[in-house]
Each structure stands twice: as structure tokens, then as C-alpha cells.
Visitor: 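Attaching a single structure in C-alpha cells format; questions to follow.
This one's a predicted model, so the numbers in the text were calculated from it and none came from an experiment.
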Amino acid sequence: MSLAQSAAAPGFGLRAEAQFSHNPWLLPWLARGGLIPWVVGNVLVALLYAGLGVLVGRFFGAYGLFPAPIWLPAGIACVAAMVGGAGLLPGIFIGSCLVNGLFFGSSPGLTLAISLGNTLGPWAGMMVTRAMRPLTGLFTRFIGVLGFILGGVLLHAACTAAIGTLALSLASPMSLAEAYAVFSAWWLCDSGGTFFFAPALLLWLGAERSSAPADRPPGPIDTLVLLGTVAAVAALFAIPGTGRLVRPDAVFLLTVPLSWITLRISLRAAYTLLTLICLAATVGTVLGEGPFQGPAVANPLQSVGLMTVLFAMDALTLIALTSEGREARARLAETRGTLARSMARTENLAREALTDPLTGAGNRRHFNHAGGAVLYKARQSGQPCSLIFFDIDHFKALNDAAGHEAGDAALRAVAKTTTGILREQTLLFRMGGEEFAVLLPCVALAEAAAVAERLRLAIRTIRVGEDHRLSASFGVTECGPSDRCLDHLLRRADAAVYAAKESGRDRVELAPPEA
């Protein structure tokens, strides 16, 4: 079936649409599928491939090597396979047939064989690149760059070179050494052509879909480096005679500012600059200018191709490793932030578990934990330790008369007043209901009694509403030699509170430690 018959066959548009929809790199107008986008895409690819082939043959042909040291149409084939998959392979094949059959005058059989290689190579390279490509990114992941280099460049060029060399050897027998020389030269020719502008075109077409940091505008120093690089390239390859004063290997120092732009601005900016460098070097070399035209260089345009490959691999690898480093640091910062938030939530939960939600004072669990630690430290160091226990007087009557909201207000006011005097919130604990306890490390009984008296007087100043003035009954005790646990102190202090209430309330009673 011919191409025209295939295109006219029922359901062809649906098959093309289904084929396009499975390619994640498709351009939007191709992704919609259908016959017209398919035809337009393939015609465009064929014209670009053939046009660049004619341009290369016309201006680069003087430097030899099948038919030039740099085969620019290989970049078009690579991009077409990446963004169109198998759907744009006909355009590559037709473009190759046009340039090889019409412009270079190859025989029909040789034209078809070479064109087959020029079509299968990009397709095989695309398959390898797609298999190795990470979920996000292409040139911003090292594995993505490796996949592009291995598949889109090396395997692509190896396939075209192998099939082309085989076709040439069948048309005109050659020795193994001659075949290897043809294959290696062809391989470098297509690799240089792919590196020349394929990554830049893929970047501008949106094939790089990454979560890497967005491109940032250049700063003053970045602009200076960029303009200086452009001026240096213009001086080397555009000003007659200037480039010949520079050693050929000195051109490779341009990788320094190129790396600067890659790291400081973006890969797209760096590869656009690289494409301009390669274009200037290519045009200047073809016109007989630049460092590569010196007597020490056997094939000037082949040196341009080598420069393109080295610069491209440096830029792609550098941005991939840098991007992965940035993302690793971002993930580390995010992990640290998550850990900090988790620790904060854990601390909040722990604090809530040990805090009375109404008053903000410690709860009974916190009292047992902190009191046990204070008691143990006092026994180990021989320092005194006292406990104040107090109960709000007539609290039930307040609740009955004014309601639970008034009772809650009274508890909060007592806690706030007590904390203000103690200057340390962790010393105050709500033991339940209207009962509170105060731990006083390194404080003897007499001093603790004075603290309790200040608390009693402060609580007397608290009013709830207009009709209710608060008061509290206090029991104070000190840790003694026979006290083995916190309950011993708590029982004595509670008994002292009971004695204070029996004696008329609103007073402080002492419970000396037992011998």
C-alpha cells in the first residue's frame, strides 16, 4: 500500500491519534492527532531535513566525510523522533531520500538503504532515551542526559553509520579497515550534527518537563560573561585574521563561560549560547577564518564537530548533576522541615498530655512525673523540697450559684494569679476539681509557708462577677527523711488543707516532715 493509500484508508486518523497520544513529548498540535497534523508534521520534517542536507552539502562538502564532517540533518531526525515518535519517521525517510537521491545523486538502491538507516537510527535512539528517561526532566537528570547521549546521539549515529557503511560496502566493496574508517567518520559526523542544535531545539519545544528551579534572569556579572563570550566568539571566527593568532586548543577554554551560564542562568540559555558558538565557528571555518584554519589542523570542520560534541556533553552533564544536587538539597530541607514540624507536633502533643486544658497548669500526670524527679533530686543532693497544696473555698457553692462558666473563670483566674507570683508555670499543677499543688525545689518549710501566704492574699483579690470573692485553704509540708515517695508529702499537705478548712478556711496550715 502506498503512502497516499495509507493516508486515505479508513480509521487512519484514529490510529495516528492513538499513536501520538502515547508519546509524552508530543507538541500540542501533534498531540491532537488526525491526518492533517500528521501530514503537516511529516512535510515539515522532510523539508527541514532535505534543506539542511543541501546546505551541508553545498557549504561543508569541501571538507569531505559523507558528505561533510557535521551532518546537521541528524539533529532534525533526532528532534522529530523525540517529539513525534514513529509518526514522523516518514518525514525523515522522505527528506533523506530527497537529499541523497536528488542533490547527491546516489543510486536508487543506495538512496533507499541510506535513508532507511537515517530513519531507523533516530527511532532506535528515541526508544532507548524514552526507556531511560525519568518521570520528570530530561536534561536536568543525569539518567536523562545519559539516556539522550546513549540513545539519541550514540546509538542513533551508530545505526545510521552501520547501515550506511554496509550499503556503501555492498555498492563498492571495501576492506575491513576501510569500512571501519567510514563507519567511525560517519558516526562522528552524525553525533556532531545531533549535538549541534537538537538539545537546544528540544528545550525550546518544551521537551524538558522538570520540577527544577525556573530560569532566572541574568545578573550584571552574568550579562557581562554572556556578552564577553559572544564578543570572544565574534573575534575568533568573524574578524578576518584574528582567529589565526589563537591556538586551536585555546578555543576549548570557551567551556568556562559556557559552564558559568549553565550554572548561573539555565540550560536553555547555555545551550542557546552553545548553538550560537557552533554556528559562528561553523560559518567562520567554512569561510576560511578562525583558529581551526591553522596548519596544525587536518580537517577544520571536523574540529568544529569535535568541539560541538565536547561542549554539549559538558553542558548537559553539568546541568544534570547540578540540578540533581539542587533538588537533593531541596528534598533535604523539606525533610528537615517535616522533621521539625513533626518534632513540634510531638512536643505539642506531649505538652497537651501533661497540661490541664482549662487553666494551662500541669495536670496530675505531670505532677507525678515532675514531683518524682524533684523528690529524687532532693534526696540525692540533701537539698530541701516543699509542697504547697490548696483548695478553693466554697467552690461548689460558686458553681451552683453562678454556673459552671463562673467556676471555670475562677479556676483560670487562680491559675493565672498563682503563676504570676511563682514566676514559673511548671511549678503549678491542677490536681483535679478546685485543688492545686505547687512544687518548690530547694525551698524549706518556712520559706514555703511565706510563699503560700502570698498566694492566699493574692487569691483573696480575685472577684468572679460582682458577688463572689475567692479564697483558698492551704496546706504546706516539706520533704523529710522518711518520705520515700511523693504520696507521703501529698497526704500530709492534704491533711493540712483539711485542718485549714476545719479552722475557718482562708488560711495556711503547716505539716512538718515526719522524723
Visitor: Does some side-chain heavy atom of Val438 sit less than 4.5 Å from a side-chain heavy atom of Phe390?
Guide: yes
Visitor: Do side-chain atoms of Arg430 reach the backbone of Gly433 as a donor and acceptor pair under 3.5 angstrom?
Guide: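 Checked: pair present.
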Visitor: Between Phe474 and Val497, does the side-chain contact (heavy atoms from CB on, under 4.5 Å) criterion hold? Intermediate values first, please.
Guide: CA-CA 5 Å; Phe474 289 78; Val497 170; 5.7 Å; no
Visitor: In Å, rounded to the nearest 0.5 Å, how long is the span from OG of Ser473 to CD1 of Ile459?
Guide: 10.0 Å
Visitor: So, does Thr129 use its side chain to make a donor-acceptor pair with the main chain of Gly152 at under 3.5 Å?
Guide: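 The answer is yes, because a donor-acceptor pair under 3.5 Å joins these two groups.
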Visitor: Compare every heavy atom of Thr355 with every heavy atom of Gly360, then report the nearest pair and how far apart it is.
Guide: O-CG2, 3.5 Å
Visitor: Among Ile149, Asp190, Leu310, find the residue that satisfies the side chain to side chain contact (heavy atoms under 4.5 Å, CB included) test when tested with Phe195.
Guide: Ile149
Visitor: I'd like to check Leu427 versus Pro441 (side-chain heavy atoms, cut-off strictly below 4.5 Å). Are they in contact?
Guide: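 Leu427 vs Pro441: side chains touch.
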Visitor: Using only atom types and a distance under 3.5 Å, with no angle test, would you say the side chain of His468 pairs donor to acceptor with the backbone of Val464?
Guide: no
Visitor: Could you check whether any side-chain N or O of Trp187 sits under 3.5 Å from a backbone N or O of Leu154, counting only pairs where one atom can act as donor and the other as acceptor?
Guide: yes
Visitor: Just list the side-chain donor-acceptor pairs under 3.5 Å for residues 394-403, sequence neighbours left out, or say none.
Guide:
{"from": "Lys396", "atom 1": "NZ", "to": "Asp400", "atom 2": "OD2", "distance (Å)": "3.1"}

Visitor: Using 0.5 Å steps for rounding, measure from the CH2 atom of Trp123 to the CG atom of Leu89.
Guide: 8.5 Å
Visitor: Can you confirm whether more than 12 heavy atoms, excluding those of Arg247, are under 6.0 Å from its CZ atom?
Guide: no
Visitor: Would you call Asp391 and Arg505 a salt bridge, using N to O less than 4.0 angstrom?
Guide: no
Visitor: Does atom CD1 (Ile221) have a neighbourhood of more than 12 heavy atoms from anything else shown, all under 6.0 Å?
Guide: no
Visitor: Counting N and O atoms only, with roles assigned by atom type, does the side chain of Thr477 sit under 3.5 Å from a partner on the main chain of Leu489, one being a donor and the other an acceptor?
Guide: no
Visitor: So with a 6.0 Å cut-off around CZ of Arg365, is the heavy-atom count from everything else above 12?
Guide: no
Visitor: Minimum heavy-atom separation for Ser191 to Ala157, with atom names?
Guide: OG-CB, 3.4 Å
Visitor: Please collect all side chain to side chain donor-acceptor pair (under 3.5 Å) contacts where either partner lies in residues 445-459, sequence neighbours excluded, each pair once.
Guide: Glu453-Arg456, Arg456-Asp506
Visitor: Contact between Phe367 and Leu490 at the side-chain level, heavy atoms closer than 4.5 Å - yes or no?
Guide: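 Of all side-chain heavy-atom pairs linking Leu490 with Phe367, at least one is under 4.5 Å.
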Visitor: Do Trp260 side-chain atoms and Val225 backbone N/O form a donor-acceptor pair below 3.5 Å?
Guide: no
Visitor: Using a strict cut-off of less than 4.0 Å between a Lys/Arg side-chain nitrogen and an Asp/Glu carboxylate oxygen, indicate whether Arg507 and Glu509 qualify as a salt bridge.
Guide: yes
Visitor: Would you mind reporting whether Arg130 and Met82 have side-chain heavy atoms less than 4.5 Å apart?
Guide: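 The answer is no; the side chains never approach within 4.5 Å.
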Visitor: Under the criterion side-chain contact (heavy atoms from CB on, under 4.5 Å), I'd like the reasoning laid out for Arg484 against Arg379: C-alpha separation, chi angles, the key distance, then a yes or no.
Guide: CA-CA 9 Å; Arg484 300 295 179 183; Arg379 291 178 60 82; 2.3 Å; yes
Visitor: Checking the side chain of Thr417 only, and the main-chain atoms of Val414 only, is there a donor and an acceptor separated by less than 3.5 Å?
Guide: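 Between the backbone of Val414 and the side chain of Thr417 there is no qualifying donor-acceptor contact (under 3.5 Å).
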Visitor: With a cut-off of 6.0 Å (strictly less than), are more than 12 heavy atoms of other residues, nucleotides or ligands near NZ of Lys416?
Guide: no
Visitor: Given 3.5 Å as the limit, does a donor-acceptor pair link the side chain of Asp483 with the main chain of Gly480, or not?
Guide: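 Between the backbone of Gly480 and the side chain of Asp483 there is a qualifying donor-acceptor contact (under 3.5 Å).
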Visitor: Please give me the minimum heavy-atom distance between Gly371 and Leu439, naming the atom from each residue.
Guide: CA-CD1, 3.4 Å
Visitor: Any heavy-atom pair between the side chains of Ile392 and Phe436 that's under 4.5 Å?
Guide: yes
Visitor: Using side-chain contact (heavy atoms from CB on, under 4.5 Å), reason through Trp71 and Thr194 one step at a time and then give a plain yes or no.
Guide: CA-CA 8 Å; Trp71 184 241; Thr194 303; over 6 Å; no
Visitor: Using modelled atom types and a 3.5 Å cut-off, is there a donor and acceptor pairing between side-chain atoms of Asn363 and backbone atoms of Ala353?
Guide: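 Yes, Asn363 side chain to Ala353 backbone: donor-acceptor pair under 3.5 Å.
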Visitor: Could you grab the distance from atom NZ of Lys377 to atom SG of Cys442, nearest 0.5 Å is fine?
Guide: 6.5 Å
Visitor: Is the backbone of Ala361 close enough, under 3.5 Å, to the side chain of Thr359 for a donor and an acceptor to pair up by distance?
Guide: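 Between the backbone of Ala361 and the side chain of Thr359 there is a qualifying donor-acceptor contact (under 3.5 Å).
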Visitor: Nearest 0.5 Å, what's the NE2-CG distance between His488 and Leu387?
Guide: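 It is 13.5 Å, given to the nearest 0.5 Å.
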Visitor: Identify the heavy atoms of Gly121 and Thr160 that sit nearest to each other, and give their distance.
Guide: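 Here Gly121 and Thr160 meet closest at CA-CG2, 4.1 Å.
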Visitor: If you take all heavy atoms of Pro257 and Thr229, which pair is closest and at what distance?
Guide: CB-OG1, 3.1 Å
Visitor: Under 4.5 Å between any side-chain heavy atoms of Pro291 and Phe237, yes or no?
Guide: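 SC-SC contact between Pro291 and Phe237 confirmed.
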Visitor: Is there a side-chain contact between Cys159 and Leu120, using heavy atoms and a 4.5 Å cut-off?
Guide: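 Heavy-atom side-chain distance check fails, nothing below 4.5 Å.
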Visitor: Can you measure from CG (Leu88) to CD1 (Ile76) and round to the nearest 0.5 angstrom?
Guide: 11.0 Å
Visitor: Measuring only between side-chain heavy atoms, which start at C-beta, is Leu470 closer than 4.5 Å to Asp393?
Guide: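 Side-chain contact under 4.5 Å: no.
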Visitor: Show me the pairs that pass side chain to side chain donor-acceptor pair (under 3.5 Å) and involve residues 431-440, at least two apart or across chains.
Guide: none
Visitor: Given Leu254 and Ile277, is the side-chain contact (heavy atoms from CB on, under 4.5 Å) satisfied, shown in steps?
Guide: CA-CA 9 Å; Leu254 289 172; Ile277 292 174; 4.3 Å; yes
Visitor: Looking only at heavy atoms, which two atoms of Leu428 and Ala415 are closest? And how far apart?
Guide: CD2-O, 3.7 Å
Visitor: Can you tell me how far the CZ atom of Arg463 sits from the CZ atom of Arg469, to the nearest 0.5 Å?
Guide: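 Going from CZ on Arg463 over to CZ on Arg469, the span is 4.0 Å.
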